[in-house]
Amino acid sequence: MRFEDVWPRDTASEIGSYHFTPEKIIEFASKFDPQYFHLDAERAKESVLGGLCASGWHVCSAWMGLNVAYMFGEFKRMVKEGHPAPKLGPALGFRDLRWRIPVFAGDVVTYSNTLTRTVRAPNHADRLLHDVYCEGKNQDGKIVVSFTPTVIEFI
């Protein structure tokens with residue numbers, strides 16, 4: 001089976017949700033993005049963001065964890081059904097990263113992936129390149145993050 005069998009083209013696949021608790025926001029920020037609006041709820045109220053909010057990198061990291069779990073689950077399902085799992089390599093990068101609105105403490109973000117394009121890799125007949133539009137929406141249905149990685153598949 002191929003990657004397109006996991007994510008049919010132009011169809012959003014929900015990969016899971018992540019609850020951004022104050023504790024998770026502060027823990028992540030303490031290690032990776034120690035700005036006051038990610039660390040101190042009282043001071044954050046005075047910021048342009050207006051409250052304790054998650055680092056954009058935290059929002060992206062939550063997607064990555066859910067994405068890997070979803071893919072591994074799909075691959076296990078495929079093998080159980082008697083189909084080989086796609087042979088994916090790393091993402092070759094991403095483009096169009098947009099942190100559209102803040103993710104505040106208490107928000108739940110639901111992420112989805114949509115396969116938008118597949119092409120043969122230049123100079124590599126045994127590889128495909130897949131563009132996947134990824135987004136996260138908060139509990140109000142507002143897009144909080146979007147980006148497009150390019151993923152390699154060995155065929």
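Between Ile25 atom CD1 and Ser30 atom OG the span is 11.5 Å, to the nearest 0.5 Å. Put simply, OG1 on Thr150 and CG on Asp131 are 4.0 Å apart, with the number rounded to the nearest 0.5 Å. From Lys137, atom NZ reaches atom CD1 of Ile101 across 11.5 Å, with rounding to the nearest 0.5 Å. The distance from the CG atom of Asp40 to the CD atom of Gln35 is 13.0 Å, given to the nearest 0.5 Å. Here the straight-line distance linking atom CH2 of Trp63 with atom OH of Tyr70 works out to 13.0 Å at 0.5 Å rounding. With rounding to the nearest 0.5 Å, the separation of CD in Glu14 from CG in Leu66 is 10.0 Å.
Under a hydrophobic clustering in which Ile, Leu, Val, Met, Phe, Trp and Tyr are joined whenever their side-chain heavy atoms come within less than 4.5 Å, directly or via other members, Val68 and Val59 fall into the same cluster. The cluster map of Ile, Leu, Val, Met, Phe, Trp and Tyr, joined by side-chain heavy atoms under 4.5 Å apart, puts Ile15 and Val108 in different clusters. The hydrophobic cluster containing Val119 also contains Phe154, counting ILVMFWY residues as joined when their side-chain heavy atoms lie under 4.5 angstrom apart, directly or transitively. Transitive grouping of hydrophobic side chains (ILVMFWY, heavy atoms separated by less than 4.5 Å) brings Leu52 and Trp57 into a common cluster. Hydrophobic clustering (side-chain heavy atoms under 4.5 Å, transitive across Ile, Leu, Val, Met, Phe, Trp, Tyr) keeps Phe37 apart from Phe32.
Counting heavy atoms from C-beta outward, Lys142 and Asp107 have side chains that stay 4.5 Å or more apart. Side chains of Met71 and Pro86 form no contact here, defined as non-hydrogen atoms less than 4.5 Å apart. Inter-residue side-chain proximity for Pro84 and Met78 is flagged as unmet; no heavy-atom pair is nearer than 4.5 Å. In this structure, the side chains of Val145 and Trp99 come closer than 4.5 Å at one or more pairs of heavy atoms.
Not a single donor-acceptor pair under 3.5 Å links the side chain of Arg98 to the backbone N or O of Ser146. Within the 3.5 Å criterion, the main-chain N or O of Leu128 finds no donor-acceptor partner in the side chain of Glu153. Between the Thr114 side chain and the Thr116 main chain, no donor and acceptor come within less than 3.5 Å of each other. The main-chain N or O of Asp140 is found under 3.5 Å from a side-chain atom of Asn138 such that the two form a donor-acceptor pair.
Around atom CZ of Phe72, no more than 12 heavy atoms belonging to other residues, nucleotides or ligands sit under 6.0 Å away. More than 12 heavy atoms of other residues, nucleotides or ligands sit less than 6.0 Å from atom CZ of Phe104.
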Check step by step if side chain to side chain contact (heavy atoms under 4.5 Å, CB included) holds for Cys60 and Leu97. CA-CA 10 Å; Cys60 290; Leu97 172 61; 3.9 Å; yes
Side chain to side chain contact (heavy atoms under 4.5 Å, CB included) between Val144 and Tyr111: does it pass, once the steps are laid out? CA-CA 10 Å; Val144 300; Tyr111 296 91; 5.9 Å; no
After noting the C-alpha distance and the side-chain angles of Ile152 and Leu88, does the key distance pass the side chain to side chain contact (heavy atoms under 4.5 Å, CB included) rule? CA-CA 6 Å; Ile152 190 168; Leu88 300 180; over 6 Å; no
Report the C-alpha separation of Ile26 and His38 in whole Å, then their side-chain angles, then the decisive distance to 0.1 Å, and conclude whether the side chain to side chain contact (heavy atoms under 4.5 Å, CB included) test is met. CA-CA 6 Å; Ile26 292 168; His38 303 319; over 6 Å; no
For Arg77 and Glu74: C-alpha separation, side-chain torsions, deciding distance, then whether salt bridge (Lys or Arg N to Asp or Glu O under 4.0 Å) applies. CA-CA 5 Å; Arg77 177 190 59 78; Glu74 285 297 294; 2.8 Å; yes
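Pairing each heavy atom of Leu129 with each of Pro122, the nearest pair is CD1-CD, 4.1 Å. Of all heavy-atom pairs between Ala44 and Tyr36, the closest is N-CD1, 4.3 Å. Summarising the geometry of Pro149 relative to Phe94, their closest heavy-atom pair is CA-CB, 3.6 Å, with the distance given to 0.1 Å. Scanning both residues, Thr110 and Ser17, for their nearest heavy atoms gives OG1-OG, 2.7 Å. The two residues Leu39 and Ala29 have their closest heavy-atom pair at CD2-CB, 3.7 Å.
Remark: aromatic rings of His58 and Tyr18 are close, center separation under 6.0 Å.
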